[in-house]
Amino acid sequence: ANSRLATDMSVLRGRGVPGLAVDPSNASHIVLVDNNFLDGQCEYDTSFDGGHTWSSGNLQAPSGFDDPPCPTFDAGGYAHFNQSVEFGSGQNVYTTFSAHQGPQERPETHVIQGVGDSLLVCHSPDGGKTWATCVDALQGGPLAQPFEIRPGLAVQQTPGGDRLFLDGWMVDVTSGGAQSGGGLRELVAAVSNDGGMTWSSPVVDETTT
């Protein structure tokens with residue numbers, strides 16, 4: 001039978017852009033993330049009984065980022081998640097979202113301010129019960145442009161620990177928003193060899209310009 005995750009929804013748009021992953025070693029273990037458009041949080045929900053009951057909380061951005069870190073609209077005019085949740089070794093779980101610093105910007109309306117969105121990576125060591133403060137893995141800015149959005153994450157288990165791969169969309173549209181299709185947009189990626197604690201310098205695929 002289907003199970004409703006939450007009953008506190010508004011007549012307005014509530015929780016959207018969900019991402020979900022199932023533990024490959026335990027089909028009853030599920031981790032879900034979503035963007036709450038009502039309170040501006042990037043949320044997580046974890047179930048160990050196949051989705052019948054859930055524990056929930058909010059992912060935490062590093063110091064200096066907006067609080068809450070996921071308001072309804074941001075630089076690219078998109079939700080912050082891109083449906084990326086990954087299980088690593090043991091009970092390690094990872095997810096990623098974009099976050100802004102300073103006054104909100106909406107290039108579509110020529111509001112260009114703050115520091116361009118960064119891509120944050122978040123880690124849970126206990127299967128999604130609790131999450132550490134997220135790490136700024138791909139930094140935006142240092143000015144309002146470029147900003148990084150639509151992150152994707154992959155995890156490779158190695159004898160030395162989890163190796164993480166992060167990519168995103170780097171956008172610089174000083175005269176119009178990402179929704180307009182104009183401006184500079186490139187694929188950017190980084191790698192972590194220590195479970196997401198530290199990250200390589202970004203690599204830009206200029207063929208995507």
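Numbers for residues simply follow the sequence, beginning at 1. Side chains are part of it too, since the values below use all heavy atoms of this structure and drop only hydrogens, waters and symmetry mates. What you are looking at is a predicted structure, and each value in this text was computed from that prediction instead of being measured.
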*So, for Val31 and Phe87, which heavy atoms are closest and what is the spacing to 0.1 Å?*
CG2-CZ, 3.8 Å
*Leu20 and Val22, any side-chain heavy atoms less than 4.5 Å apart*: yes
*Kindly determine whether Asp34 and Asp45 satisfy side chain to side chain contact (heavy atoms under 4.5 Å, CB included), including the steps that lead there.*
CA-CA 9 Å; Asp34 67 73; Asp45 297 275; 3.5 Å; yes
*asked:* We want to know whether Asp66 and His100 form a side-chain donor-acceptor pair, criterion being a heavy-atom distance below 3.5 angstrom.
replied: no
*Spacing of CG belonging to Leu119 relative to SG belonging to Cys134, to within rounding of 0.5 Å*: 12.0 Å
*Measure the CZ-CG distance between Phe65 and Asp117 for me, rounded to the nearest 0.5 Å.*
9.0 Å
*By side chain to side chain donor-acceptor pair (under 3.5 Å), which residues pair with Thr46, not counting sequence neighbours?*
none
_Donor-acceptor under 3.5 Å (Asp194 side chain, Thr198 main chain)_ = yes
_Side chain to side chain, Phe97 and Cys122, heavy atoms closer than 4.5 Å_ = yes
*Val188 versus Glu148: any side-chain heavy-atom pair under 4.5 Å?*
yes
*Do Val93 and Glu86 have side-chain heavy atoms sitting under 4.5 Å apart?*
no
*Check side chain to side chain contact (heavy atoms under 4.5 Å, CB included) between Asp162 and all other residues, then give those that pass, not counting sequence neighbours.*
Ser89, Asn92, Tyr94, Val155, Gln157, Leu164
_Go through it in stages, so that I can follow the logic: the residues are Phe147 and Glu105, the test is side chain to side chain contact (heavy atoms under 4.5 Å, CB included), and I'd like the CA-CA distance, side-chain angles, deciding distance and then a yes or no._
CA-CA 10 Å; Phe147 52 82; Glu105 68 169 332; 3.9 Å; yes
*Atom OG in Ser192, atom CD in Gln156: separation rounded to 0.5 Å?*
12.0 Å
*Identify the heavy atoms of Ser98 and Ile149 that sit nearest to each other, and give their distance.*
CB-CA, 4.3 Å
*Given side chain to side chain donor-acceptor pair (under 3.5 Å), test Arg150 with Asn82 step by step and report yes or no.*
CA-CA 5 Å; Arg150 293 189 169 185; Asn82 198 27; 5.4 Å; no
_Separation of Ser47 OG from Ile30 CD1 (nearest 0.5 Å)_ = 5.0 Å
*Rounded to the nearest 0.5 Å, how far apart are OG of Ser63 and CG of Asp136?*
11.5 Å
*Are any of the side-chain heavy atoms of Pro71 and Gln104 separated by less than 4.5 Å?*
yes
*asked:* Is there a side chain to side chain contact (heavy atoms under 4.5 Å, CB included) between Val191 and Arg163? Walk through the geometry before answering.
replied: CA-CA 7 Å; Val191 177; Arg163 190 179 194 206; 3.6 Å; yes
*Just jot down the side chain to side chain contact (heavy atoms under 4.5 Å, CB included) partners of Val135, sequence neighbours excluded, or say none.*
Trp199
*asked:* Checking Leu184 against Glu186 for the side chain to side chain contact (heavy atoms under 4.5 Å, CB included) test, could you report, in this order, the C-alpha distance in whole Å, the side-chain angles of both residues, the deciding distance, and whether it holds?
replied: CA-CA 7 Å; Leu184 172 70; Glu186 298 175 317; 3.8 Å; yes
*Indicate the atoms forming the closest heavy-atom contact of Ser84 with Thr95, along with that distance.*
O-OG1, 2.7 Å
*asked:* For Thr53, give me all partners under side chain to side chain donor-acceptor pair (under 3.5 Å), at least two apart in sequence or on another chain.
replied: Asp49
*Might you point out which heavy atoms bring Met170 and Pro146 nearest each other, and give the distance in Å?*
CG-CB, 3.7 Å
*Pairs where residues 38-60 contributes a residue and the test ring pair (Phe, Tyr, Trp, His ring centres under 6.0 Å) is met, not counting sequence neighbours*: His29-Phe48, Tyr44-Trp131
*Any side-chain donor-acceptor pair under 3.5 Å between Ser124 and Asp126?*
yes
*Taking only residues two or more places apart in sequence, or in another chain, which ones meet Gln41 in a side chain to side chain contact (heavy atoms under 4.5 Å, CB included)?*
Asp39, Glu43, Asn58, Pro68, Pro69
*To the nearest 0.5 Å, what is the distance between CG (Leu120) and CD (Gln60)?*
11.5 Å
*With hydrophobic residues grouped by side-chain heavy-atom distances under 4.5 Å, do Val121 and Phe165 end up in a single group?*
no
_Shortest non-hydrogen separation from Ala21 to Val85 and the atoms involved_ = CB-O, 3.6 Å
